[in-house]
Amino acid sequence: MKMGKVVMVVAVMVLFNMSSCSAWFGGNKHKSGRNSILPSEATSSRSRLLNPAGSSIVLPLYGNVYPVGFYNVTLNIGQPARPYFLDVDTGSDLTWLQCDAPCTHCSETPHPLYRPSNDFVPCRDPLCASLQPTEDYNCEHPDQCDYEINYADQYSTFGVLLNDVYLLNFTNGVQLKVRMALGCGYDQVFSPSSYHPLDGLLGLGRGKASLISQLNSQGLVRNVIGHCLSAQGGGYIFFGNAYDSARVTWTPISSVDSKHYSAGPAELVFGGRKTGVGSLTAVFDTGSSYTYFNSHAYQALLSWLKKELSGKPLKVAPDDQTLPLCWHGKRPFTSLREVRKYFKPVALGFTNGGRTKAQFEILPEAYLIISVSSTL
């Protein structure tokens with residue numbers, strides 16, 4: 001029969017599978033002045049923004065942490081505009097699509113491969129330079145920008161940088177066709193463990209080539225991104241003016257780490273009590289499904305959890321291999337509401353001058369999942 005067990009997503013611990021919001025200010029405010037709005041209706045539409053710094057773009061998010069394992073958005077790109085499903089990644093800069101250039105190695109895609117425009121970004125363009133591993137990179141083809149990007153999960157993409165049109169809807173009702181750079185990825189290497197069908201990736205890092213940096217450089221939105229995710233899956237991501245700001249917890253983003261959205265120092269808090277584990281730096285990366293603690297914080301959290309569950313009607317379920325730590329009850333679980341009372345919230349308390357200024361609370365619904373395993 002099928003039995004549902006409650007699983008602790010640690011080692012792995014889910015940070016974003018919750019009804020909460022997060023927002024980040026980008027560290028670099030680029031004012032390159034690139035003329036990327038299409039001239040046709042752009043002049044009148046752009047003037048209707050009135051105050052571009054106060055405008056925002058909101059995109060629905062689809063997916064969940066478990067069992068899907070990733071979130072994606074739909075962007076309409078090209079002329080004519082076509083829909084593409086993109087993974088959301090604040091840990092990298094480049095937005096790219098699997099591309100019929102033709103494609104050397106492409107995976108299964110939800111939509112037909114992107115047909116590239118002929119508007120190539122030159123090799124010495126600042127956007128191209130921002131994607132290269134070193135400042136003294138070689139330009140084999142001066143009229144085009146070749147790039148290679150490697151990700152932490154052994155995924156990689158090789159392609160050419162070009163400009164094309166993004167069809168974007170702003171929260172004040174204005175729709176604009178915005179010309180921005182994206183990658184034409186025609187040679188991908190996939191890790192079997194992280195593979196899933198996708199059209200491409202939405203890069204929202206802090207570098208010049210990221211979508212938010214390009215939007216900001218054209219004066220269309222503030223250099224801010226954020227997202228709100230539901231425990232039931234899905235949610236939304238916004239660019240620009242803080243959307244539904246009453247639900248956002250604010251803490252400064254590091255100015256030292258110019259690549260990642262990192263904050264700290266932070267202290268691990270369990271059930272409202274300090275654990276003594278501090279000096280943690282948190283990197284917010286939507287491209288990672290789970291949150292990973294260092295060994296010291298991980299072991300401390302397990303110790304607090306096991307102590308809290310002592311005497312409770314939950315038993316460790318070593319037979320369930322969904323994740324490293326699972327529990328079962330007297331009956332199969334059908335909802336996290338059945339076990340929520342046995343677990344306490346986890347939080348990251350961000351400090352400033354030794355005093356806690358903000359807490360990022362992780363409710364039990366956010367660090368537990370219900371797994372399903374087969375037993376005889």
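Numbers here simply count residues along the sequence, with the first being 1.
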Verify same cluster id: Phe190, Ile149 (apolar side-chain graph, 4.5 Å): yes

Non-neighbouring partners of Phe239 that pass ring-ring contact (aromatic ring centres under 6.0 Å, His included), sequence neighbours left out: none

Residues Gln299 and Ser295: side-chain donor-acceptor under 3.5 angstrom: no

Thiol sulfurs of Cys106 and Cys99 closer than 2.5 Å: no

Side chain to side chain contact (heavy atoms under 4.5 Å, CB included) between Leu198 and Leu86, worked out: CA-CA 6 Å; Leu198 79 162; Leu86 304 180; over 6 Å; no

Other residues, nucleotides, ligands: >12 heavy atoms within 6.0 Å of Lys312 NZ: yes

Flag for Ser262-Thr281: side-chain donor and acceptor within less than 3.5 Å: no

Donor-acceptor pair, side chain of Thr286 and main chain of Val88, under 3.5 angstrom: yes

Residues that, via side-chain heavy atoms closer than 4.5 angstrom, fall in one hydrophobic cluster with Phe70: Val68

Expected output: side-chain Thr90 to main-chain Gly205 donor-acceptor under 3.5 Å: no

With sequence neighbours excluded, residues passing salt bridge (Lys or Arg N to Asp or Glu O under 4.0 Å) with Arg124: none

Student check: side-chain heavy atoms of Tyr71 and Ile237 closer than 4.5 Å: no

Residues which pass ring-ring contact (aromatic ring centres under 6.0 Å, His included) with Phe158, listed by chain and number, not counting sequence neighbours: Tyr186

Flag, side chain of Asn216 to backbone of Arg222, donor-acceptor distance under 3.5 Å: no

Partner set under ring-ring contact (aromatic ring centres under 6.0 Å, His included) for His296, not counting sequence neighbours: none

Contacts of type side chain to side chain donor-acceptor pair (under 3.5 Å), residue Gln188, not counting sequence neighbours: Gln98, Thr157

Close side-chain approach of Leu182 to Leu162, heavy-atom, < 4.5 Å: yes

Minimum side-chain heavy-atom gap Tyr342-Pro364 below 4.5 Å: no

Ser217 side chain to Gln214 backbone, donor-acceptor under 3.5 Å: yes

Under the salt bridge (Lys or Arg N to Asp or Glu O under 4.0 Å) test, residues paired with Arg115 that sit two or more places apart: Asp100

Partners passing side chain to side chain donor-acceptor pair (under 3.5 Å) against Tyr147 (at least two apart in sequence or in another chain): none

SG atoms of Cys123 and Cys128 less than 2.5 angstrom apart: no

Pairing residues for Gln154 by the side-chain contact (heavy atoms from CB on, under 4.5 Å) criterion, not counting sequence neighbours: Ser191

Side chains of Glu148 and Asp146 in contact at under 4.5 Å (non-hydrogen atoms): no

ring-ring contact (aromatic ring centres under 6.0 Å, His included) involving Phe85 - partner list, sequence neighbours excluded: His111

Rounded distance (nearest 0.5 Å) linking atom CG of Leu59 with atom CG of Asn72: 11.0 Å

Partner set under side chain to side chain donor-acceptor pair (under 3.5 Å) for Asn138, not counting sequence neighbours: none

Candidate pair Tyr84 and Leu75, rule side chain to side chain contact (heavy atoms under 4.5 Å, CB included), full reasoning: CA-CA 5 Å; Tyr84 298 98; Leu75 280 182; 5.6 Å; no

Residue list, side chain to side chain donor-acceptor pair (under 3.5 Å) with Asn294, at least two apart or on another chain: none

